[in-house]
Amino acid sequence: MAFYCDEPSHTFGEYLLIPGYTPADCIPANVSLKTPIVKFQKGEESSLSINIPLVSAVMQAVSNDTLAIALAQEGGLSFIYASQSIENQSEMVRRVKAHKAGFVTSDSNIKPDQSLSDVVDLKERTGHSTVAVTDDGGPHGKLLGIITSRDFRADMTDLRGAVRDYMTSFKDLIRGQDGVSLSEANDLIWEHKLNSLPVIDKEGNLVSMVFRKDYASHQEHPLELLDDKKRYLVGAGLNTRDYLERVSALLAAGADVFCLDSSEGFTEWQRRALADIHGAFGSQVRVGAGNVVDRDGFLFLAEAGADFVKVGIGGGSICITREQKGIGRGQATAVIEVAKARNEYFAKTGIYIPICSDGGIVLDYHITLALAMGADFVMLGRYFARFDESPSNKLMVNSSYVKEYWGEGSNRARNWQRYDFSGEKAFVFEEGVDSYVPYAGTLRDNTAETLSKIRHTVCNCGVLSISELQEKAKLTLVSQASIAEGSYHDVTVKNTSARTYNV
């Protein structure tokens, strides 16, 4: 006989947090939202943590290199989408790792005998105005000089002229030697009023560049997520088809963590993928898996070697898996059960496996609810799709700006590697829709507001960290009448700008 759950499953919208005692030091400025993202042993720290509990979804309409950089600057992490060629995905990862606030491998290089028109073309292609002149035109050739937009005026100079006649030559450059610290490099930049500092080795070969703007960026983004080489951290999605080839290329590009991208993770395909990846590349390669919605699914992936487990089926705004296949569970109930299983597994094995709540977030406070229920971080698609930095088009529809947003299970995504099991590169039916979301501006402005709400709510619960929130939070189910009571009612609203924004 089939098994029946005793209780209906619930969504985040059916819960509220009950305030706890707030001591004097419990203020938003003291709240830490740092959270582990991969598993670790009891008594140890996770080898990879994020500074805010937000990661972007493995989706074409959400996670490219532009959004990954913007989110890493705020302390979160992106998973570059996998429904593209290995070469394209690797190049996106490579661009994120190169766009670091520190020692940058020069991506704008030219030979001395090339023309100024080549400099102009290179600047338009890379968007960078500082060009290193090397003997071979490569990023690590012998440094001969630097040419910038200040060395010639494109509208008044014969662009057929040679670069060597306009560049600042090597002998006139302020340089750093390989091994110089970032602090020392920035001191040289400020002392000599430079915009950039080339760093060379003993033979005079270009090693890297340090830019003044990156120092300013670091000051502006105190929570930015950096690796030990001061490069931005970035994740990458995987399918269960070409994962060995894809992981090899993505590791070479610099990917820090991976996520198996599937609408349902309680499968033999994910077990095999985890075993194959860790067998081929070692346990230090970190791979999350999912999605699951119950204890059995979590324990399966935990035993299979998942470094984190993603929770949620059918709760995304563009997902129609429940409607099409009748598979899924209310997101709040799913997170609560999986978190309980995670805690029991930790008590039994001493291994803590972070869980990620994926889907079901409609309002900002739902993020805090997910964390209180046991999620270590949340994965967001629609939330990030609204911003300037997402890769989709910004359009005017019905006199309002919107951005395009489509699911990985839609025909538009053509992500047959994620959904198709017939062996044919075609969809039999869709599990996602093609839609619009209201345009919302920059990622930084919106995440600042969201994180402020989370920090204030955490303080209302009388705690200062996510782990404390998970331990001490009190939650209550609410009725439909309670939900209606919680919004404005029985008034005529003059200005709706202060209302909670529907994310």
Side-chain angles (χ1 to χ4, degrees), residues 65 69 91 94-220 224 226-232 253-254:
D65 51 303
I69 291 167
E91 184 56 33
R94 195 171 289 111
R95 287 199 291 268
V96 177
K97 301 305 288 189
H99 191 103
K100 66 183 186 298
F103 298 96
V104 181
T105 298
S106 176
D107 68 349
S108 299
N109 311 286
I110 204 163
K111 294 180 181 179
D113 56 355
Q114 289 184 256
S115 68
L116 296 180
S117 64
D118 293 327
V119 176
V120 173
D121 292 341
L122 182 60
K123 178 183 174 182
E124 290 179 352
R125 189 164 66 250
T126 65
H128 299 152
S129 59
T130 298
V131 178
V133 184
T134 59
D135 60 346
D136 62 359
H140 301 299
K142 186 174 288 295
L143 182 64
L144 303 178
I146 296 287
I147 187 166
T148 74
S149 55
R150 295 185 303 174
D151 293 316
F152 67 96
R153 290 184 60 176
D155 58 342
M156 298 183 64
T157 306
D158 185 352
L159 297 183
R160 293 173 296 181
V163 168
R164 63 165 51 90
D165 296 328
Y166 291 86
M167 69 183 187
T168 300
S169 63
F170 180 84
K171 64 182 178 61
D172 297 320
L173 290 174
I174 303 297
R175 310 174 296 272
Q177 288 294 319
D178 193 19
V180 65
S181 71
L182 184 60
S183 176
E184 292 168 338
N186 280 313
D187 286 344
L188 285 172
I189 287 174
W190 287 94
E191 178 184 349
H192 296 280
K193 300 179 181 179
L194 307 173
N195 286 324
S196 63
L197 179 78
V199 178
I200 59 172
D201 63 18
K202 294 179 180 178
E203 286 73 42
N205 298 311
L206 180 62
V207 176
S208 59
M209 300 285 292
V210 180
F211 292 93
R212 176 192 288 260
K213 66 179 178 63
D214 286 337
Y215 176 82
S217 174
H218 180 68
Q219 297 298 104
E220 190 177 356
E224 62 184 350
L226 304 173
D227 64 17
D228 56 4
K229 295 181 180 178
K230 304 299 182 183
R231 303 176 302 178
Y232 290 126

Asks: Throw together a table of side-chain donor-acceptor distances under 3.5 angstrom for residues 158-165, partners on residues two or more places apart or in other chains.
Replies:
residue : atom : partner : partner atom : Å
D158    : OD1  : R160    : N            : 3.0
D158    : OD1  : R160    : NE           : 3.1
D158    : OD2  : R160    : NE           : 3.4
D158    : OD2  : R160    : NH2          : 3.2

Asks: Got a sec, which residues hit side-chain hydrogen bond (donor to acceptor under 3.5 Å, both in side chains) with D107, two or more places apart in sequence or on another chain?
Replies: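 With neighbours one apart ignored, the set is H128.
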
Asks: Kindly compute the distance separating OG (S108) from CD1 (I147), expressed to the nearest 0.5 Å.
Replies: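 Between atom OG of S108 and atom CD1 of I147 there are 12.0 Å.
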
Asks: For a 4.5 angstrom cut-off between non-hydrogen side-chain atoms, does V180 reach V210?
Replies: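 Contact flag for V180/V210 side chains = no.
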
Asks: With R125, which residues qualify under salt bridge (charged side-chain N to carboxylate O under 4.0 Å, His left out), at least two apart?
Replies: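 Result, salt bridge (charged side-chain N to carboxylate O under 4.0 Å, His left out) vs R125: none returned.
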
Asks: Would you name the heavy atoms of A132 and L143 that are closest together and state the gap between them?
Replies: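 Closest approach of A132 to L143, heavy atoms only: CB-CD1, 4.4 Å.
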
Asks: Out of curiosity, M209 CE to S196 OG, how far, rounded to the nearest 0.5 Å?
Replies: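 Atom-to-atom, M209:CE and S196:OG are 4.0 Å apart.
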
Asks: According to salt bridge (Lys or Arg N to Asp or Glu O under 4.0 Å), does anything in residues 176-198 pair up with another residue at least two apart or in another chain? List the pairs.
Replies: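 As it turns out, there is no salt bridge (Lys or Arg N to Asp or Glu O under 4.0 Å) pair with a partner in residues 176-198 once direct neighbours are skipped.
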
Asks: Measuring from atom CD of E224 to atom NZ of K230, what distance do you get when rounded to the nearest 0.5 angstrom?
Replies: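 E224 CD to K230 NZ: 8.5 Å, rounded to 0.5 Å.
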
Asks: G137 and N109: which non-hydrogen atoms are nearest, and at how many Å?
Replies: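 So the minimum-distance heavy-atom pair works out to O-CB, 3.4 Å.
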
Asks: Given side chains that start at C-beta, do those of T105 and H140 come closer than 4.5 Å, heavy atoms only?
Replies: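 In contact.
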
Asks: Is there a side chain to side chain contact (heavy atoms under 4.5 Å, CB included) between V119 and Y166 once you walk through the steps?
Replies: CA-CA 11 Å; V119 176; Y166 291 86; over 6 Å; no

Asks: Which pairs would a plain distance check flag for residues 167-174, meaning a side-chain donor or acceptor within less than 3.5 Å of a matching protein atom at least two apart in sequence or in another chain?
Replies:
residue : atom : partner : partner atom : Å
S169    : OG   : D172    : OD2          : 3.2

Asks: Pick out which of I110, T126, D118, T148 makes a side-chain contact (heavy atoms from CB on, under 4.5 Å) with V131.
Replies: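 When side-chain contact (heavy atoms from CB on, under 4.5 Å) is applied between V131 and each of I110, T126, D118, T148, only I110 qualifies.
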
Asks: Write out all pairs satisfying salt bridge (Lys or Arg N to Asp or Glu O under 4.0 Å) with one or both partners inside residues 139-157, taking only residues at least two apart or from two chains.
Replies: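 Non-adjacent pairs meeting salt bridge (Lys or Arg N to Asp or Glu O under 4.0 Å): R153-D155.
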
Asks: With no hydrogens and no angle check, is any side-chain donor or acceptor of K97 less than 3.5 Å from a backbone partner on Y232?
Replies: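 Flag set: sc K97 to bb Y232 pair under 3.5 Å.
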
Asks: Rounded to the nearest 0.5 Å, what separation is found between the CD atom of Q177 and the CD1 atom of I200?
Replies: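 Answer rounded to 0.5 Å: 4.5 Å.
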
Asks: I want to check something: taking the side chain as every heavy atom from C-beta on, are T157 and L116 in contact at a cut-off of under 4.5 Å?
Replies: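 Yes; the side chains approach each other to less than 4.5 Å.
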
Asks: Give me the atom names and distance for the closest heavy-atom approach of R94 to E91.
Replies: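 Looks like NH1-OE1, 2.9 Å.
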
Asks: On a heavy-atom basis, which atom in S106 and which in L206 lie closest, and how many Å separate them?
Replies: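 Closest heavy-atom pair between S106 and L206: CB-CD2, 4.0 Å.
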
